[in-house]
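These notes are about the structure you will find just below.
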Amino acid sequence: MGGVAIVTGGTRGIGEAIATALNDAGHKVAANYGGNDEAAKAFTERTGIPNYKFDVSDFDACQKGVRQIEHDLGPITILVNNAGITRDGTLHKMDYEKWNQVIQTNLSSCFNMSRAVIEGMRERKFGRIISIGSINGQAGQYGQVNYAAAKSGIHGFTKALAKEGAAQGITVNAIAPGYIATDMVLAVPEKVLQKIVATIPVGRLGEASEIARGVLFLASGDASFITGSTIDINGGQHMY
Ligand code: CAA
């Protein structure tokens with residue numbers, strides 16, 4: 001093993017589990033984050049994984065951030081587009097700001113980060129790009145037109161880029177998590193969350209480590225013939 005991985009939103013929640021799993025598997029890992037300095041500091045103290053603060057919704061910041069990581073750790077072999085936010089609300093109450101923030105942070109970030117690593121991956125004829133979609137991008141969700149549109153966009157982005165990367169040794173895949181026990185999901189109002197959990201056949205929220213194991217697999221040599229695919233990890237909540 002021993003590549004260099006970037007995990008966006010990698011200091012908390014699902015991103016933290018992914019960064020830690022890749023690190024444990026022998027990769028050099030850079031954990032990007034956007035705002036929570038305290039959590040990032042604690043994460044690095046806990047794991048020894050360096051953190052890099054830049055805004056993934058900002059194209060130029062991603063170029064600069066990726067160049068810095070390459071300078072520090074070496075050429076990027078794995079990109080995990082994990083960073084994401086929610087600004088939930090029904091459409092009739094949603095302002096443009098809430099729409100735009102989620103589209104920029106959750107979807108445009110995949111363009112910004114992939115664009116910053118793709119030329120190096122093409123030159124080296126190897127790369128793994130793994131993006132975190134969502135069950136809510138596949139099935140829709142009450143109060144989430146912004147989030148569902150962005151996550152659904154990730155699945156289209158993945159398939160298109162997979163076709164471009166296939167002949168260049170670059171695989172491009174997505175994982176669609178269901179409801180995972182992270183701060184994001186636990187922020188859903190209790191009575192709503194109870195209704196949601198009742199629709200999960202496995203009968204519980206998922207664990208961040210259960211998503212990380214999927215990423216680890218897609219990043220590994222075992223997944224060399226898998227590209228353009230989405231792995232659903234959702235406790236059976238959505239099947240199609
Ligand atoms: N499933 C079932 N019922 C739902 C629901 C859902 N997902 N979302 C809302 N409802 C219900 C509520 O329980 C409520 O029903 P009752 O009137 O019978 O009590 C009704 O719809 C109206 O909801 P609210 O009273 O909450 O309406 P509001 O305008 O105050 O709030 C809202 C709207 C902000 C969208 C709020 O309902 C909410 O936060 N819903 C959760 C949205 C959600 O699932 N977000 C996922 C975040 S985690 C994530 O996105 C990670 C991932 O990838 C899976």
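Counting starts at 1 for both ligands and their atoms, in listed order. Quick note: residue numbers are just sequence positions, from 1.
- To the nearest 0.5 Å, atoms CG (Leu218) and CG (Asn173) are separated by 5.0 Å.
- Counting protein heavy atoms only, atom 44 (O) of ligand 1 is closest to Tyr179 OH, 3.0 Å.
- Between Gly84 and ligand 1 there is no heavy-atom distance shorter than 4.0 Å.
- Inter-residue side-chain proximity for Leu161 and Ile129 is flagged as met; some heavy-atom pair is nearer than 4.5 Å.
- Considering only non-hydrogen protein atoms, atom 37 (O) of ligand 1 sits nearest to Val192 CG2, 4.0 Å.
- Judged purely by atom type and a 3.5 angstrom limit, Arg128 has no side-chain atom pairing as donor or acceptor with the backbone of Leu79.
- Within the 3.5 Å criterion, the main-chain N or O of Leu73 finds a donor-acceptor partner in the side chain of Lys28.
- Interface of Gly143 with ligand 1, defined as ligand atoms under 4.0 Å from a residue heavy atom, comprises 35 (C).
- Looking only at distances, no side-chain donor or acceptor of Ser152 sits under 3.5 Å from a matching main-chain atom of Ala149.
- The protein atom (non-hydrogen) at minimum distance from atom 27 (O) of ligand 1 is Tyr142 OH, 4.6 Å.
- With hydrogens and angles ignored, the 3.5 Å screen pairs no side-chain donor or acceptor of Thr90 with any backbone N or O of Gly143.
- At the top of the distance list for atom 30 (O) of ligand 1, counting protein heavy atoms only, stands Lys93 NZ, 4.8 Å.
- One finds no salt bridge joining Glu97 and Arg87 here, because no Lys/Arg side-chain nitrogen approaches an Asp/Glu carboxylate oxygen to under 4.0 Å.
- Partner of Gln138 under the side-chain hydrogen bond (donor to acceptor under 3.5 Å, both in side chains) criterion, out of Thr230, Asn234, Asp232: Asp232 alone.
- Ligand 1 lies less than 4.0 angstrom from a heavy atom belonging to Val188.
- Here the protein heavy atom with the shortest distance to atom 50 (O) of ligand 1 is Gln144 NE2, 3.0 Å.
- Ligand-side atoms of ligand 1 in range of Thr86: 50 (O), range being under 4.0 angstrom from any heavy atom.
- Proximity to Gly178 (heavy-atom distance under 4.0 Å) selects the following atoms of ligand 1: 54 (C).
- Among all protein heavy atoms, the one lying closest to atom 1 (N) of ligand 1 is Ile196 CG1, 4.2 Å.
- Within a 4.0 Å radius of atom 24 (P) of ligand 1, the protein contributes no non-hydrogen atoms.
- Contact annotation: Pro189 has at least one heavy atom less than 4.0 Å from an atom of ligand 1.
- Given atom 7 (N) of ligand 1, the protein heavy atom at minimum distance is Gln141 OE1, 2.9 Å.
- Considering only non-hydrogen protein atoms, atom 18 (O) of ligand 1 sits nearest to Lys195 NZ, 3.4 Å.
- Using modelled atom types, one side-chain atom of Thr8 and one backbone atom of Asn82 make a donor-acceptor pair closer than 3.5 Å.
- Every atom of ligand 1 with a heavy atom of Ser134 under 4.0 Å away is listed here by number and element: 52 (C), 53 (O), 54 (C).
- Residue-to-ligand polar distances place Lys191 within reach of ligand 1: an N/O pair is separated by less than 3.5 Å.
- Protein heavy atoms are found less than 4.0 angstrom from atom 39 (O) of ligand 1.
- We find that Arg122 and Glu119 are not joined by a salt bridge, their nearest charged nitrogen and carboxylate oxygen being 4.0 Å or further apart.
- Under 4.0 Å is where a charged nitrogen must lie from a carboxylate oxygen, and between Arg204 and Glu210 at least one such pair does.
- Hydrophobic clustering keeps Val66 apart from Ile130 (ILVMFWY residues linked when any side-chain heavy atoms are closer than 4.5 Å, directly or through intermediates).
- For atom 32 (C) of ligand 1, the nearest protein heavy atom is 4.0 Å or more away.
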